[in-house]
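Contents: one structure, followed by commentary.
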2 protein chains.
Amino acid sequence: MNKAAKTDKNKDSTGRRRATSYDVAELAGVSQSAVSRVFQDGASASKAMRNRVMAAADKLGYRPNAIARGLITQRSNMVAVVISKITNLYYPEVLVQLTQRFSEHGVRVLLFALEHESDTGTVIEQMLQFRVDGILTAAIFTPEQLETVDNADIPVVFYNRTLQDQLVSSVRCDQEEGERWLVGELVNAGHKTFGIVEGPPDSVVGIERKMSALNELSKMGITDITTVSGDFGYETGRDCFTRLVEKRGSPPDAVIAANDAMAIGCIDEAREGFGLSVPDDISIVGFDGIGPASYAAYDLTTVRQPVQRMTQAAASMLIERIENPELSPEKRAFSGKLIRGGSARLRSKNG
Amino acid sequence: MNKAAKTDKNKDSTGRRRATSYDVAELAGVSQSAVSRVFQDGASASKAMRNRVMAAADKLGYRPNAIARGLITQRSNMVAVVISKITNLYYPEVLVQLTQRFSEHGVRVLLFALEHESDTGTVIEQMLQFRVDGILTAAIFTPEQLETVDNADIPVVFYNRTLQDQLVSSVRCDQEEGERWLVGELVNAGHKTFGIVEGPPDSVVGIERKMSALNELSKMGITDITTVSGDFGYETGRDCFTRLVEKRGSPPDAVIAANDAMAIGCIDEAREGFGLSVPDDISIVGFDGIGPASYAAYDLTTVRQPVQRMTQAAASMLIERIENPELSPEKRAFSGKLIRGGSARLRSKNG
DNA sequence: TCCCGATTTGCATCCGAATGCAATACTGCC
DNA sequence: GGCAGTATTGCATTCGGATGCAAATCGGGA
């Protein structure tokens, strides 16, 4: 397109190939190794050398080839981040923050997005082919899949989930504790009948939350519990509320949704579909602390995940294990923050 | 950890290095080229050969090294996707969908997340070092940055933004048309005084939307327009509404926010802070069509971007240009969909 | 059975940078 | 000025797979 491209000895554009360290070496009148050393951190190179090489490199628009470097150093400087549609939808900032954290350590993110959390199989092969230095996953692995990456000596950190009885590293929000708080607050405030809106069957997070809530409810002597299941989405939340009421015959005192989006759906349906007042007629709580949870129209009572600290921890755990593969696995659980919103009648608010 | 790892001749784990095509060749009793060919698409290899190689590969757990392949083929099979915090926050599904589309074509996504849209400089170097085959960016480039990637012969597709007077490819939602619709509907329904909540100064999208709205308003003879500026976030939307009313002295007939999140903020503030009824006292419209826009409490009148079609188009445009670098640039603008929600008094709804 | 053309297969080389080792250039010190 | 000791530099090789070309093999027809 550019007319300069038609002239013969042009270095860039349609001219000849990208400049390599050999080109730079030749122009600077030094060896290729010298060029390589100038572009490394702890390598020895005299000031004079550095200047000559840099001048030549600038003139040629040279940039070290990370691919070639990866081949020889056996380090791709890339980590795989696996998310499923759901993960991402409700926590967009997780991904951005993770990427930024890795970036700070000179590590790039190769992204793998799954339609469903159980589609992991298809991407494992890819990650291995690209020789990622580590894997951070917000999707579950089967034991075989875990073994595959283990055999390849690739460290893995699980985000908000973990593998039963397996020695793996993970970072998660303490969901059991969170549900305990929520249930405790609700029961103490006098709620006796409960509805639970659980997540999709292939979501470990959803299952964990539901089980924790059920567990705590039973500990506190609550027996009137109705459960329906959704897919973590808003629409499903509305639908679930309807099904819940139908199943029970009447609305329960409180609804515990497995995540905020469904909780918000429940609120809307309770108000619009059943003319109920939240929280006067019914209390509704969620989990996550997503943005819309704090919108004035909902002011959701929920447990907010400490995203910042979690991503920070996940990134550094993975990087540590890349740099020192001998490190033993570690599980870190962070407490969430109970947000006492206006969507539930709690002791402290009306007692 | 595994006791098998302690035995000597173990191939994987702590044993020797990952299997290479040479290892497979040796075990199968063939040449390395043969192995290479078996793992390629259009290569010639007899059935017998294929079987022997595959058997050996399986036994050794061999996987072609995408890094090495990239070095020799000059194709990394990776594209860079650049997002800024803002982009991602309000359109998480864009990223997931893009990744899936690229995946379908065997292309991996190297993710770059910017704190602000104007931080592009820091990541260009990285993308070039990793020899990405193409760049899809939802952040703006300066002309110099564009020239840099152009010189490297890397095709670029801009997502929802474009570079003035530059020959670049882009996919966008027709925002001018969208604002025209919104303004038209509002004016026709009798709104006479307007507030505009614009985006941050470094957002091209925000600027475009604001200018389009202003332009159309002036065309329709509206002169009572007050403008305040936010950062695309919900909180800022609330704040903007307050500032808008203060600046004007009283609430306008309608507020046009540069995106949905701010529009929702405005609604909440109008209701809570000023006791206004939406849409009876004031109409509020947004842009984007994010999930919460359709929550019952807001039922926002907005223009929904056709995310699916846009990501589809963006991915295929980029891939086409990777495969055929001679292709000339192309700009594709998709019409959004006007959502006539309950947050605005429109003709069709009350006339 | 023999020969020609079409497939398969192997050989050798290349992609671009990193690095151990040896050679060389400096540095300071006596 | 000479020498030991250190800091630079270059040489040669390596990482793992792709590919043009030549050699080998196969198939089938006469």
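In what follows, every chain begins at residue 1, and chains take the letters A, B, ... in the order their sequences are listed.
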Roughly, in whole Å, what's the span from [atom1] in [X] to [atom2] in [N]?
X       : N      : atom1 : atom2 : answer
B:Ile72 : C:dA12 : CD1   : C1'   : 12 Å
B:Gln74 : D:dG16 : CD    : P     : 19 Å
B:Gln40 : C:dT9  : CD    : P     : 14 Å
A:Arg18 : C:dC14 : CZ    : P     : 22 Å

Nearest to the side chain of [X] - [options]?
X       : options                : answer
A:Arg69 : C:dA17, D:dA18, D:dG10 : C:dA17
A:Ser46 : D:dT9, D:dG17, C:dA17  : D:dT9
A:Arg37 : C:dA18, D:dG16, C:dC21 : C:dC21

Is any side-chain N or O of [X] closer than 4.0 Å to OP1 or OP2 of [N]?
X       : N      : value
B:Ser36 : D:dA18 : yes
B:Tyr62 : D:dG16 : no
A:Ser21 : C:dA17 : yes
A:Ser31 : D:dG10 : yes
B:Gln32 : C:dA12 : no

Point to revise | Nearest-0.5 Å distance that lies between atom CZ in A:Arg101 and atom CD in A:Gln308 | key: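 The distance works out to 5.0 Å.
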
Describe the nucleic acid contact of [X] in one word from base, sugar-phosphate, nothing, applying a heavy-atom distance below 4.0 Å.
X       : result
A:Ser33 : base
B:Arg75 : nothing
A:Val30 : sugar-phosphate
A:Phe39 : nothing

